Amino acid sequence: MSTKTLEKKNSKTKTSFDKKDVLNDYKIAHLSRQLSLLGRKEVLTGKAKFGIFGDGKEIAQIAMAKSFKDGDWRSGYYRDQTFMMAVGLFTAEEFFAQLYGETDIELNPGNGGRSFNNHFSTRSLNEDGTWKNLMKQKNSSADISPTAGQMARWVGLGYASKLFRNIKELHQFDTLSNKGNEVAFGTIGDSSTSEGQFWESINAVGVLQVPAVIAVWDDGYGISVPKKYQTTKGSISEVLKGFERTKDKPGIAIIKGKGWDYPGLLKIFEEGTELARREHVPVLFHIEEITQPQGHSTSGSHERYKTEDRLKWEEEFDGLKKMREWIIKEKIATEDELSTIEEEVSKEAKQAKKDAWKKFKAPVKEERDKLIEIIDNRSCICKREGYDKVGMFTNDLKKIVDPIRKDNFSTAKKILRHVCSDCNIREKLQKDLSNWLDRNYEDNFERYNTKLHNESAHSALSVKEVKPEIKSDSTEVAGREILRDNWDYLFSKYPKLVTFGEDAGYIGGVNQSYEGLQKKYGELRVSDTGIREQTILGQGIGLALRGLRPVAEIQYFDYLLYALQGMSDDLATTHYRTAGGQVAPLIISTRGHRLEGIWHS
């Protein structure tokens with residue numbers, strides 16, 4: 001469906017604007033921009049290691065966020081700060097907490113310091129490992145850094161709504177879905193659409209026909225490389241025309257917009273998302289003329305590769321500037337009112353930075369102070385070298401204005417190494433320092449090394465083994481029949497259980513381990529897919545994140561290599577990246593062990 005067709009079909013578009021709403025959007029946009037500007041400075045002055053920000057995408061993300069409802073899911077990437085702020089899932093102080101690597105989940109609920117900045121997630125689990133009511137909150141899956149890595153998971157998040165809508169047995173799980181009324185929101189930078197995962201995912205949602213919308217933010221570059229070297233015809237929407245749905249054939253609705261056009265963006269995102277929600281149609285928004293005022297990241301400057309004309313154009317078509325012009329033209333607010341908002345958010349951003357830094361440093365300084373209590377005034381003039389080593393190390397630590405944990409640990413270890421065996425304070429000092437080190441190693445283990453896997457009572461590791469009972473007169477049957485009958489029992493017992501993969505449905509699997517199960521339980525619970533291992537995996541991750549119990553069938557072991565990146569960077573680290581906030585209980589079923597990939601299977 002083209003933009004024109006969509007506009008004709010759904011004319012219920014707002015023609016008037018509420019001043020309060022518009023000015024609140026303007027405030028969020030400017031606050032987000034201030035955070036990006038301050039964030040870059042924090043990195044370049046050494047207070048953070050690396051920074052990547054969402055400047056230039058503020059207006060488009062605010063417009064998209066207005067259609068994001070309770071129960072919906074996001075699968076985005078590291079430039080979505082404005083979107084997350086607009087839907088109420090991210091604050092200015094949390095922006096800096098992420099930048100500094102804050103590990104306190106109360107201060108940094110998005111990733112607990114386990115990813116770099118602008119990596120978001122929401123918490124689906126209670127402290128005891130039980131599921132929250134996901135219909136009473138807006139949901140975000142956990143971001144990963146590899147470009148386009150979010151795409152495969154996005155497929156599964158959208159596919160879950162299709163299952164919840166069309167499988168009546170799932171309607172009872174009303175804390176997980178409102179009968180499939182939820183939309184999966186995806187975002188991606190234009191240059192990352194060159195990745196294979198993007199194309200595999202777009203093809204998958206087109207085939208599956210699921211309520212999944214994806215915004216492609218097109219700023220014309222992939223780091224320094226212009227899009228004419230990235231995309232055929234220099235336009236992702238042009239290339240995707242073969243995927244576009246028509247009156248006769250299902251496909252993907254493709255809608256274009258300008259990144260600086262606030263009223264136009266509100267219109268297309270409202271209409272496109274409503275289409276996806278109502279009819280379960282995938283929608284792609286190609287948002288062109290996005291700017292990137294600070295360049296790609298803190299690792300470089302865009303002045304190195306953009307022409308003077310391009311830089312001038314970006315300044316002229318900055319979304320914040322164009323929105324300001326539009327507000328004044330429409331007489332929604334005066335220049336003075338907008339200037340007041342800008343001044344207020346500038347102060348708010350600076351205060352958020354100050355508060356986040358203070359809270360981030362407080363526990364480190366507290367650890368330092370407790371260490372100094374142990375080592376202060378315990379001078380010991382070395383008989384052999386003639387100076388006070390303990391006092392020297394203590395004074396060096398006191399002089400550090402903003403210590404990091406390495407400074408504290410290094411000081412404690414130096415003293416342990418350098419106190420002589422004949423020193424009269426050695427034994428007591430060693431004991432106190434060792435206790436301090438043990439205590440802080442324990443605290444740091446909790447900060448950085450926990451939640452590698454589900455440790456709750458609901459963990460698969462808590463399931464007791466049921467050993468087989470084999471008698472001398474037991475009937476011998478084919479192994480695949482044992483598997484088939486086991487799956488049959490499980491499908492009858494657990495309505496959340498679904499399986500999908502190559503040849504898994506109609507013919508019952510390449511080894512007949514699902515023989516007859518599609519006919520018995522339906523095509524949605526036992527499904528065939530295309531040859532697309534990465535998105536078979538992603539389909540499973542998305543379903544698992546939404547509370548279902550998927551089994552992803554990978555036809556042969558060798559084919560897992562196609563899905564390896566998603567398995568290692570996404571699936572295996574979900575619980576860790578969210579500091580225990582999410583689980584993805586996915587079973588991957590495959591066969592063969594000979595690694596005969598070069599001979600096909």
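None of the values given here were measured: they were computed from a predicted structure.
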> Checking side chain to side chain contact (heavy atoms under 4.5 Å, CB included) for the pair Met84/Asn118: CA distance, chi angles, key distance, verdict?
Replying inline: CA-CA 9 Å; Met84 294 298 284; Asn118 275 359; over 6 Å; no

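- A 4.5 Å side-chain heavy-atom check between Val43 and Leu99 finds at least one atom pair inside the cut-off.
- For the pairing with Asp143, the side chain to side chain contact (heavy atoms under 4.5 Å, CB included) check across Phe120, Tyr78, Phe116 returns one residue only, Phe120.
- The local environment of CD in Gln351 is crowded, with over 12 non-hydrogen atoms from other residues, nucleotides or ligands closer than 6.0 Å.
- Put simply, the side chain of Asp355 never gets that close to the backbone of Glu93: no donor and acceptor are under 3.5 Å apart.
- Judged by distance alone, the side chains of Thr147 and Glu195 do bring a donor and an acceptor atom under 3.5 Å apart.
- Looking at Ser161 and Arg546, their side chains do bring a donor and an acceptor atom within 3.5 Å of each other.
- Between Glu316 and Lys312 no salt bridge is recorded (no basic side-chain N to carboxylate O distance below 4.0 Å).
- There is no side-chain donor-acceptor pair under 3.5 Å between Asp309 and Thr307.
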> ring pair (Phe, Tyr, Trp, His ring centres under 6.0 Å) between Trp357 and Tyr100: does it pass, once the steps are laid out?
Replying inline: CA-CA 8 Å; Trp357 181 251; Tyr100 301 142; 4.8 Å; yes

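- Salt-bridge check for Arg532 with Glu200: failed, with every basic side-chain N at 4.0 Å or more from each acidic carboxylate O.
- Using a 4.0 Å cut-off between charged side-chain N and carboxylate O, Asp190 and Lys227 make no salt bridge.
- No donor-acceptor contact under 3.5 angstrom links the side chains of Trp73 and Glu182, judged on distance only.
- In summary, Asp25 and Lys66 engage in a salt bridge, as defined by a charged side-chain N under 4.0 Å from a carboxylate O.
- Summarising the geometry of Ser141 relative to Ser75, their closest heavy-atom pair is OG-CA, 3.5 Å, with the distance given to 0.1 Å.
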>> Please evaluate residues Phe83 and Phe90 with respect to the criterion ring pair (Phe, Tyr, Trp, His ring centres under 6.0 Å), reporting the C-alpha separation (whole Å), side-chain torsions for both, the decisive distance (0.1 Å), and the verdict.
In response: CA-CA 9 Å; Phe83 179 90; Phe90 194 49; over 10 Å; no

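- Arg114 places a side-chain heavy atom less than 4.5 Å from the side chain of Thr450.
- Within the 4.5 Å cutoff, the side chain of Leu586 has heavy atoms near those of the Leu537 side chain.
- Residues Trp326 and Val22 form a side-chain contact, since some pair of their non-hydrogen atoms from C-beta on lies under 4.5 Å apart.
- Taking each heavy atom of Gln565 and Gln197 in turn, the nearest pair found is OE1-NE2, 2.6 Å.
- Under a 4.0 Å N-O distance rule, the pair Lys365/Asp402 qualifies as a salt bridge.
- Enclosure of atom CD in Glu303 by more than 12 non-hydrogen atoms of other residues, nucleotides or ligands within 6.0 angstrom is indicated.
- Residue Lys321 qualifies as enclosed at atom NZ: its count of foreign heavy atoms under 6.0 Å is above 12.
- A cation-pi arrangement, defined by a distance under 6.0 Å to the six-membered ring centre and an angle within 45 degrees of its axis, is absent between Lys322 and Tyr262.
- The number of heavy atoms from other shown groups lying within 6.0 Å of OH (Tyr229) does not exceed 12.
- For the pair Lys138 and Phe68, the NZ or CZ position fails the cation-pi test of under 6.0 Å to the six-membered ring centre and within 45 degrees of the ring normal.
- Within the 4.5 Å cutoff, the side chain of Thr291 has no heavy atoms near those of the Trp260 side chain.
- Look at Glu367 and Arg447 and you find a salt bridge, because one of the NZ, NE, NH1 or NH2 atoms lies within 4.0 Å of a carboxylate O, short of that distance.
- In this structure the side chain of Ile327 never reaches within 4.5 angstrom of the side chain of Glu337, judged on heavy atoms.
- Ser194 approaches Thr231 most closely through the heavy-atom pair OG-OG1, 4.4 Å.
- A donor-acceptor pair under 3.5 Å is formed between the side chain of Thr91 and the backbone N or O of Glu94.
- Annotation: Lys162, atom NZ; neighbour count of heavy atoms from other residues, nucleotides and ligands within 6.0 Å is above 12.
- For Ser459 and His453, the side-chain atoms include no donor-acceptor pair closer than 3.5 Å.
- In Phe317, the CZ atom is crowded: over 12 heavy atoms of neighbouring residues, nucleotides or ligands sit closer than 6.0 Å.
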>> Walk me through whether Glu102 and Lys359 qualify under salt bridge (charged side-chain N to carboxylate O under 4.0 Å, His left out).
In response: CA-CA 9 Å; Glu102 175 63 70; Lys359 291 174 183 177; over 6 Å; no

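- Between Asp318 and Arg33 there is a salt bridge, with a side-chain nitrogen of the basic residue lying less than 4.0 Å from a carboxylate oxygen of the acidic one.
- Salt bridge status for Arg577 with Asp569: absent, with no side-chain N to carboxylate O gap under 4.0 Å.
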>> One pair to check against side chain to side chain contact (heavy atoms under 4.5 Å, CB included): Trp131 and Asn126. What are the steps and the verdict?
In response: CA-CA 6 Å; Trp131 286 77; Asn126 297 306; 6.0 Å; no

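- Between the side chains of Gln582 and Thr574, no donor N or O sits under 3.5 Å from an acceptor N or O.
- Counted by atom type alone, Gln81 and Ser36 present one or more donor-acceptor pairs between their side chains at under 3.5 Å.
- Looking at His30 and Leu338, their side chains never come closer than 4.5 Å, going by heavy atoms from C-beta outward.
- The side-chain tip of Arg40 does not point at the ring of Phe53 from less than 6.0 angstrom away and within 45° of straight on.
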>> Assess the residue pair Phe285 and Phe185 against the criterion (ring pair (Phe, Tyr, Trp, His ring centres under 6.0 Å)); give the C-alpha distance rounded to whole Å, side-chain angles, the decisive distance to 0.1 Å, and a yes or no.
In response: CA-CA 11 Å; Phe285 300 97; Phe185 285 67; 8.6 Å; no

